[in-house]
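What follows is a short report on a single structure.
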2 protein chains.
Amino acid sequence: MTDSAEPLSSLRRALGLLRLVGAAEAGGIRLKDLAEQAGCSQPTAHRALQDLAAEGFVEQIGKRYRLALDFFVLAARAGHADGLRDLAKPVLLRLSATLTDTIFLLVRNGYEAVCLDRIEGPFPIRSFTGDIGGKVPLGLGQGSLAILAHLPEAEREAVIRFNVPRLLDRGFLDEAALRVELEKARVQGWVNLNTGLIPGMAGLGVPVFDAQGRAVAALSVGTLADRLRPERLPGVVAILKAEAATLGAMLNPFDTALRHPSRSLSSVA
Amino acid sequence: MTDSAEPLSSLRRALGLLRLVGAAEAGGIRLKDLAEQAGCSQPTAHRALQDLAAEGFVEQIGKRYRLALDFFVLAARAGHADGLRDLAKPVLLRLSATLTDTIFLLVRNGYEAVCLDRIEGPFPIRSFTGDIGGKVPLGLGQGSLAILAHLPEAEREAVIRFNVPRLLDRGFLDEAALRVELEKARVQGWVNLNTGLIPGMAGLGVPVFDAQGRAVAALSVGTLADRLRPERLPGVVAILKAEAATLGAMLNPFDTALRHPSRSLSSVA
DNA sequence: GCAATAAATTTCATATAAAGGAATTTATCA
DNA sequence: TGATAAATTCCTTTATATGAAATTTATTGC
């Protein structure tokens, strides 16, 4: 599972360790396993972990290492690309108040969609992204699909090529079905695919376009299937689209942050 | 502002840089400033940043560096100390559904309280912690105060000594007033101090005790002052306390993670 | 639109700090 | 309690990080 010869500098190796600590299950991970998975000696891992701990990035409980809360605090600031999360907050609050359903804000990040924020509605909704900070392959879930559908063709194809196997792994659409859904999404401008994660639940996603007309994010709703029946659906779509437009208009055209997903895309490759 | 001679290893220096990137404002920070603030040469900072970027921790937009979304994704897992956030989710959902107010889950981290999760109610509430991942000095805000009030005396005194100046800086209680509130909180078991962040808003916090009887977290409610008037208040207190008890009972007595705040406490010093 | 300035990279010789084998201590399990 | 395995410390060799200086690239003023 470990790659061939990637982590050259000591720093990158240490960051790899940090990543492994993050990937470990809730109980934490032992030095031995860490060293093994990272492909380095135990003393090396040990000293890196000591430094990581000294800086408050990991904590050592007994002989298990886990990510520290300081790390969590630091990272809370990371979602603020373009201040998107802050910008979107009122939008999410309005949607939540108007619809009384669970609302998601997703952003594209390479081949994935990341849940940047989420406001809970009255029904406990299980989403593909899980909680804030969770991610899904682009194409899985309504908001995620909405973003993918509205990407420029070249990028979209690259993502599809990369993600189709991952979608199949998760028992989702095959390529043909995905393309049908994408086309539908592109035509109607929103996604209503019932992915059947939980029976009786349904979702709805719309893309958010930046000043350059790129689909950089999505707003979506997760609720009971009952609440997206034909008589209510069009209203919800209209509200979502209106808020997506509002949010898009707020994206600073001079900020180039979201304009270069190709960079983060390549970083995933 | 920079410390004297702390970051010796290259790793710690790099982590310091990462921290500085996180502390920078939304637009990102330039290499020059980074190098200056970190107290290292520009080439050194540069290569560290390159590695950080290659591992997906920071991203470089033009000539500014900022925390990358990958970092956000990784750190989302850091809140799961003891799986507390997951454990608490149903509790928060129930509270949110029952009270239809904004609900907070705070955990203690050294001299601070960190907002681990939050469910929005119908009224936009501004809290001291801000959003998820935000932090406040222990003693500021109802939940934070609830934790502080129920700490063992020695720890409580240490925190008070450390935090009083910070509280004063923020125009909050002086030591005498704080001690009055702490005593009140300890006696009645919950905090209802109207901190007056926004007129007309009010909050309520209760401590969450682990199996060892330590106040490791707090549940709190933020709402309109109107909604915490005498006729509704006792009911809300009862519900909050009941859920706090439920949550406390779910904390694994064999997990030692929250039992050693002294460690993280010293790390702040 | 062009010069002047400042910042960002790259290069390179040097010193220093990171690496891992081996030994020691500490914890875990029978 | 004894045996095993992991964690930590020690130490030398090697390799990597470092900052001065140089080069390229961007930014600012005119």
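Just so it is clear, the values below take in all heavy atoms, side chains as well, and ignore hydrogens, waters and symmetry mates. Numbered from 1 within each chain, the chains take letters A, B, ... in sequence-line order.
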Subject >> side-chain N/O Lys32(B) vs dA7(C) OP1/OP2, d < 4.0 Å >> reply: yes
Subject >> Atom pair distance, as rounded to whole Å: CG in Leu49(B) and C1' in dA8(C) >> reply: 11 Å
**OP:** Using whole Å, report how far CD of Gln50(B) lies from C1' of dT16(D).
**Re:** 17 Å
Original post:
Using a cut-off of 4.0 Å on non-hydrogen atoms, how would the nucleic acid contact of Ser41(B) be classed: base, sugar-phosphate, or nothing?
Top reply: base
Original post:
To the nearest Å, how far apart are Leu11(A) CG and dA19(C) C1'?
Top reply: 16 Å
Subject >> Short side-chain N/O contact from Ser10(A) to OP1 or OP2 of dA17(D), under 4.0 Å >> reply: yes
Subject >> Residues Glu155(A) and Arg108(A) bridged, charged N to O under 4.0 Å >> reply: yes
Original post:
Which whole-number value in Å describes the distance from His46(B) NE2 to dT11(C) P?
Top reply: 11 Å
**OP:** Give the rounded distance in Å between these two atoms: CD of Gln42(B) and P of dA22(D).
**Re:** 16 Å
Original post:
Using 30° and 60° as the class limits, which term best fits the ring planes of Tyr111(A) and Phe162(A): parallel, tilted or perpendicular?
Top reply: parallel
**OP:** Give the rounded distance in Å between these two atoms: NZ of Lys63(A) and C1' of dC29(C).
**Re:** 13 Å
Original post:
Using 4.0 Å as the upper bound for N to carboxylate O, is an ion pair formed by Glu112(B) and Arg166(B)?
Top reply: yes
Subject >> Protein-nucleotide distance (Tyr65(B), atom OH; dA7(C), atom C1'), rounded to Å >> reply: 11 Å
Subject >> Degree of bending, the helix from dG1(C)-dC30(D) to dA30(C)-dT1(D) (end axes from five pairs; round to 10°) >> reply: 70°
Original post:
Nearest-Å distance, CG (Leu31(B)) to C1' (dT25(D))?
Top reply: 13 Å
Subject >> Candidate nucleotides dT9(C), dA8(C), dG20(C), ranked by approach to the side chain of Thr44(A) - the nearest >> reply: dG20(C)
Original post:
Taking the six-membered ring for Trp, are the ring centroids of Phe104(B) and Phe128(B) within less than 6.0 Å of each other?
Top reply: no
Original post:
Got a donor-acceptor contact below 3.5 angstrom from the Asp117(A) side chain to the Arg85(A) backbone?
Top reply: no
Subject >> Presence of salt bridge, Lys89(B) and Asp86(B), under 4.0 angstrom >> reply: no
Original post:
Between the base of dA19(C) and the side chain of Arg47(A), is there a donor-acceptor distance below 3.5 Å?
Top reply: yes
**OP:** Keeping the roles fixed (side chain from Ser144(B), backbone from Gly139(B)), state whether a donor-acceptor pair exists under 3.5 Å.
**Re:** yes
